[in-house]
Amino acid sequence: MMVKVVQILAALILLAHSPGYALETPDVTNPTVVEAFVDGVVNNSMKSARSASGVVAVMKDGKMIFSKGYGFLDVENRIPVDPETTLFRPGSISKLFTWVAVMQQVEQGKLDLDADVNKYL
């Protein structure tokens with residue numbers, strides 16, 4: 001599922017920054033637009049990967065734009081995933097969030113990638 005999340009994030013970024021993509025650039029801050037896009041990607045990915053469940057959350061400027069659970073928390077009892085309460089093990093996806101946070105600190109001038117790491121520990 002991590003690869004699919006990365007693909008969704010990359011596609012949303014490309015969608016937001018591609019001037020020739022469409023006559024009118026889609027509003028990626030609009031939850032309805034984001035949901036339509038994510039639904040198409042996630043539903044197809046879940047079918048091909050035979051994934052039972054997952055959650056996608058999209059944030060911008062510290063605000064939640066979109067959050068939705070897909071599939072079932074309990075397949076046998078048909079209990080759907082709730083993005084607010086269903087817990088998933090983070091696994092390798094946490095590396096992506098760590099590096100995004102690191103690069104944001106670099107952009108803000110708060111972190112120097114060439115400095116000795118002990119300066120920050």
Please name all residues satisfying side chain to side chain contact (heavy atoms under 4.5 Å, CB included) with [X], sequence neighbours left out, ordered by chain then number.
X    : result
K95  : S92
K110 : Q105, Q108
D61  : none

Minimum heavy-atom distance [X]-[Y], with the two atoms named:
X   : Y   : answer
G69 : V81 : CA-CG1, 3.7 Å
N43 : Y70 : OD1-CD2, 3.7 Å
F88 : V55 : CE1-CG2, 3.4 Å

Is [X] isolated, or which residues cluster with it under the ILVMFWY side-chain rule of less than 4.5 Å, directly or via members?
X    : value
L121 : V117
F72  : V75
M59  : M64
Y120 : W99, V102, M103, V106, L111, L113

Listed partners of [X] passing side chain to side chain donor-acceptor pair (under 3.5 Å), at least two apart:
X   : result
T85 : D82
N44 : none
T86 : none

Pairs flagged by salt bridge (charged side-chain N to carboxylate O under 4.0 Å, His left out) wherever residues 111-121 is involved - sequence neighbours left out: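 Checked against salt bridge (charged side-chain N to carboxylate O under 4.0 Å, His left out) - neighbours excluded - no pair reaches residues 111-121.
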Under 3.5 Å, sequence neighbours excluded: what are the donor-acceptor pairs made by side chains of residues 30-38?
from: N30; atom 1: OD1; to: T32; atom 2: N; distance (Å): 2.8
from: E35; atom 1: OE2; to: K68; atom 2: NZ; distance (Å): 3.0

